**Student:** 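Attaching a single structure in structure tokens format; questions to follow.
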Amino acid sequence: MLDIGFIRSNPDLVKKAIRSKRLGNEDSVDQLLEADQAKRDLTTELQKLQSQANDRARQIGEFMRAGERIKADAIKSETAEAKKRIKELEQQASEAASKVTNLLLDIPNVPDESVPVGTSPDDNKVDFESTLPDAFSFDALPHWDLIKQLNIVDFDRGAKVTGAGFPFYIGKGAKLQRALISFFLDTAVAKGYTELQPPIVVNEDSARGTGQLPDKEDMMYEVTRDGFYLIPTAEVPVTNFLRDEILDTGDLPVKYCAYTPCFRREAGSYGKDVRGLNRLHQFDKVELVQVVDPDSSYDALEEMRTDAEELLEALGLPYRRLLMCTADLGFTQTKKYDLEVWSAAQERWLEVSSISNFESYQARRAKIRHRRGNDKPEFAHTLNGSALALPRIVAALLENGQRADGSIQLPEALVNYTGFDTIS
RNA sequence: GGAGGGGUGGCAGAGCGGUUGAAUGCACCGGUCUUGAAAACCGGCAUACCUUCGCGGGUAUCGUGGGUUCGAAUCCCACCCCCUCCGCCA
């Protein structure tokens with residue numbers, strides 16, 4: 001969430017952000033400011049009464065110690081009414097406070113100035129695009145056909161065992177997954193990220209901390225019996241790793257990488273988007289997370305973007321980089337790049353990475369702070385990015401690497417990890 | 001799953017229901033001393049919110065939520081979490 005003080009002094013800026021993101025409701029800003037004023041009025045009055053009540057209690061204590069019971073009783077008789085009033089005000093103040101919090105949760109983060117203003121995905125700016133490979137000299141197959149021929153992913157049995165979108169990877173297909181995960185993690189660790197292996201179910205506080213709750217619960221699978229959620233991304237456990245903590249500014253940036261399976265309900269998806277490996281309910285991903293000094297979060301964003309791009313380059317996959325326009329920014333993001341890989345047989349771009357700065361929006365929610373010397377703690381900035389999501393990478397590796405005989409040529413960089421350079 | 005023990009400030013660790021937001025030690029910051037450092041000594045050192053132009057003042061917080069009381073870290077209830085032992089088990 002945003003700082004209420006910031007909204008108080010920049011209401012128009014916040015309204016403009018809501019308009020440009022096409023998320024939320026402009027009116028909620030005024031409602032918020034009104035609720036905030038009401039809350040503060042109630043708080044002030046409540047605290048005045050509490051202060052008086054504390055004075056009386058202190059006096060009673062002094063009289064009791066001095067043995068002046070009569071005087072003490074006299075004051076006691078005055079307390080009943082105030083007590084009742086305090087109770088009422090406490091009730092009202094806490095209602096007002098949760099109203100403010102709820103409205104605050106309805107206000108999206110403000111886009112960075114460098115983000116293009118737009119109204120649809122068409123306004124995303126293509127920042128970079130690889131030259132596309134020459135057309136195949138044979139009939140190229142989409143990856144779902146290649147997978148079947150090579151018997152490296154089994155959707156049908158996955159559907160039998162669990163359901164649609166939960167495939168089995170088989171043989172070299174499974175090994176390829178493992179190789180990609182290792183390659184991605186090793187590369188990140190070499191760049192200074194600390195590898196974490198997090199829990200893949202989280203509690204409600206964590207889901208709230210990164211913003212999956214209260215709004216996006218539909219995207220997550222729940223373990224209702226224990227109050228847990230299956231993670232939709234490693235971002236959730238990894239960012240919450242530092243929840244409710246105050247770090248020394250000198251210890252920043254904190255850089256983590258983590259491989260996890262990710263679980264998404266993807267309710268309502270259909271058509272070509274879910275064909276083959278394009279969209280799954282369970283998939284593997286290596287995620288990068290940084291917690292940084294607010295002064296340097298945009299540098300960190302570029303760094304993470306580069307970290308992800310270098311993986312694509314090492315894999316020899318044609319890709320493009322989109323600077324997302326305001327309309328395509330998520331609720332919590334101030335700036336975001338998407339990396340899309342070229343799927344040679346489908347002849348379309350597939351998103352394989354999304355790298356975002358949240359500034360202090362997530363940190364405020366998750367209470368991740370840092371302290372400069374003896375100063376008051378302030379909220380850190382958090383960022384995350386995929387490096388990378390596996391299924392579409394696999395799809396692209398298969399489609400782009402296919403040969404006339406139906407076998408797949410794997411990139412050099414993976415051979416150390418797979419132990420083979422061809423899938424046939 | 002069963003039995004028991006415990007949750008207090010960055011850490012360790014006190015805390016008869018009444019100047020206890022909380023002793024003490026360590027850590028940390030500033031200062032004195034020193035050629036420099038260490039030691040010693042002095043001082044400071046939780047968080048959020050309300051209020052004030054500011055100095056400052058105030059409220060809340062001792063796992064969480066309720067309750068008793070004029071007054072709760074301290075008493076009562078519920079819940080959560082951690083530890084130990086037993087059971088089960090990769």
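Each chain gets a letter, A, B and so on, in the order the sequences are listed, and its residues count up from 1. Keep in mind that what you see is a predicted model, and the values were worked out from it rather than measured.
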**Student:** Could you give the distance separating B:rG7 and B:rU61 at their C1' atoms, to the nearest angstrom?
**Tutor:** 16 Å
**Student:** Can you tell me the pairing partner of B:rU34 across any strand shown, Watson-Crick or G-U wobble, with both distances under 3.5 angstrom?
**Tutor:** none
**Student:** What integer distance in Å separates A:Gln91:CD from B:rG67:P?
**Tutor:** 10 Å
**Student:** Please state the C1' separation for the pair B:rU47 and B:rG63 - nearest whole angstrom.
**Tutor:** 16 Å
**Student:** Using the P atom on both, measure B:rG13 against B:rA3 and round to a whole Å.
**Tutor:** 28 Å
**Student:** Classify the nucleic acid contact of A:Asp73 as base, sugar-phosphate or nothing, counting any heavy atom under 4.0 Å across all strands shown.
**Tutor:** nothing
**Student:** Could you let me know what B:rC45 is paired to, Watson-Crick or G-U wobble, both distances under 3.5 Å, or none if it's on its own?
**Tutor:** none
**Student:** Rounded to whole angstroms, how far apart are CZ on A:Arg85 and C1' on B:rU59?
**Tutor:** 16 Å
**Student:** When you measure from the side chain of A:Lys83, which nucleotide among B:rA60, B:rC50, B:rC70 comes out closest?
**Tutor:** B:rC70
**Student:** Sort out for me which residue in A:Asn10, A:Ile18, A:Asp12 forms a side-chain contact (heavy atoms from CB on, under 4.5 Å) with A:Val29.
**Tutor:** A:Ile18
**Student:** From the options A:Gln333, A:Glu235, A:Arg243, select the one residue that forms a side-chain hydrogen bond (donor to acceptor under 3.5 Å, both in side chains) with A:Gln362.
**Tutor:** A:Glu235
**Student:** Give the nucleotide from the list B:rA60, B:rG18, B:rA48 with an atom nearest to the side chain of A:Met64.
**Tutor:** B:rG18
**Student:** Quiz question: by atom type and distance under 3.5 Å, do the side chains of A:Asn54 and A:Gln50 form a donor-acceptor pair?
**Tutor:** no
**Student:** B:rG58, B:rU47, B:rC70: which one has an atom nearest the side-chain heavy atoms of A:Pro377?
**Tutor:** B:rU47
**Student:** Determine which nucleotide pairs with B:rG25, using a 3.5 Å limit on both distances of a Watson-Crick or G-U wobble pair.
**Tutor:** B:rC11
**Student:** Using atom P of each nucleotide, how far apart are B:rG6 and B:rU74 to the nearest Å?
**Tutor:** 15 Å
**Student:** Measuring from the side chain of A:Thr44 (C-beta onward, heavy atoms only), which nucleotide among B:rG58, B:rA60, B:rU51 has the closest atom?
**Tutor:** B:rU51
**Student:** Need the pair for B:rG65. Rule: Watson-Crick or G-U wobble, both distances under 3.5 Å, any strand; none if unpaired.
**Tutor:** B:rC77
**Student:** I'd like the C1' distance from B:rC62 over to B:rA48, given in whole Å.
**Tutor:** 15 Å
**Student:** Heavy-atom nearest nucleotide on RNA chain B for A:Arg40 versus A:Asp55: which residue maps closer to 5'?
**Tutor:** A:Arg40
**Student:** Checking the side chain of A:Lys21 only, and the main-chain atoms of A:Phe331 only, is there a donor and an acceptor separated by less than 3.5 Å?
**Tutor:** yes
**Student:** Which residue, A:Leu46 or A:Gln37, contacts RNA chain B at a nucleotide closer to its 5' end, judged by nearest heavy atom?
**Tutor:** A:Gln37
**Student:** Classify the angle between the aromatic ring planes of A:Phe166 and A:Tyr221 as parallel (below 30°), tilted (30 to 60°) or perpendicular (above 60°).
**Tutor:** tilted
**Student:** Within 45° of the six-membered ring axis of A:Phe168 and under 6.0 Å from that ring's centre, is NZ or CZ of A:Arg157 located there?
**Tutor:** no
**Student:** Measure from CG on A:Asp36 to C1' on B:rC49 and round the result to the nearest Å.
**Tutor:** 11 Å
**Student:** Base, sugar-phosphate, or nothing for A:Ile60, non-hydrogen atoms under 4.0 angstrom?
**Tutor:** base
**Student:** Please name the nucleotide paired to B:rU84 by Watson-Crick or G-U wobble geometry with both distances under 3.5 Å, or report none.
**Tutor:** B:rA3
**Student:** In whole Å, what separates the C1' atom of B:rG30 from that of B:rA22?
**Tutor:** 24 Å
**Student:** Side chain of A:Thr43 only, please: which of B:rG18, B:rU69, B:rC50 is the nearest?
**Tutor:** B:rC50
**Student:** Checking A:Tyr256 against A:Thr239: is there a side-chain donor and acceptor pair closer than 3.5 Å?
**Tutor:** no
**Student:** Taking B:rU8 as the reference, what is the distance to B:rU64 when you measure between their P atoms (whole Å, please)?
**Tutor:** 10 Å
**Student:** Please classify the nucleic acid contact of A:Lys87 as base, sugar-phosphate, or nothing, using heavy-atom distances under 4.0 Å.
**Tutor:** sugar-phosphate
**Student:** Could you tell me the separation between the CG atom of A:Asp375 and the P atom of B:rU47, rounded to a whole number of Å?
**Tutor:** 11 Å
**Student:** Measure the distance from CD on A:Glu204 to P on B:rC79 and round it to the nearest whole Å.
**Tutor:** 18 Å
**Student:** So what does A:Lys376 touch, heavy atoms closer than 4.0 Å: a base, only the sugar-phosphate, or nothing?
**Tutor:** sugar-phosphate
**Student:** A:Lys76 has an atom NZ; how far is it from atom P of B:rG18, in whole Å?
**Tutor:** 14 Å
**Student:** Which of these nucleotides, B:rG58, B:rU47, B:rU51, is closest to any side-chain atom of A:Arg369?
**Tutor:** B:rU47
**Student:** Within this structure, what is the CD1-to-C1' distance between A:Ile246 and B:rA48, rounded to whole angstrom?
**Tutor:** 11 Å
**Student:** Taking 4.0 Å as the cut-off, does a side-chain nitrogen or oxygen of A:Asn54 come that near to OP1 or OP2 on B:rA60?
**Tutor:** yes
**Student:** Tell me, please, whether A:Phe420 has A:Lys172 positioned over its six-membered ring: NZ or CZ under 6.0 Å from the ring centre and within 45 degrees of its axis?
**Tutor:** yes
**Student:** What distance, rounded to whole Å, do you find between the two P atoms, one in B:rC28 and one in B:rC16?
**Tutor:** 31 Å
**Student:** Quickly work out the A:Glu45 CD to B:rG58 C1' distance and round it to whole Å.
**Tutor:** 15 Å
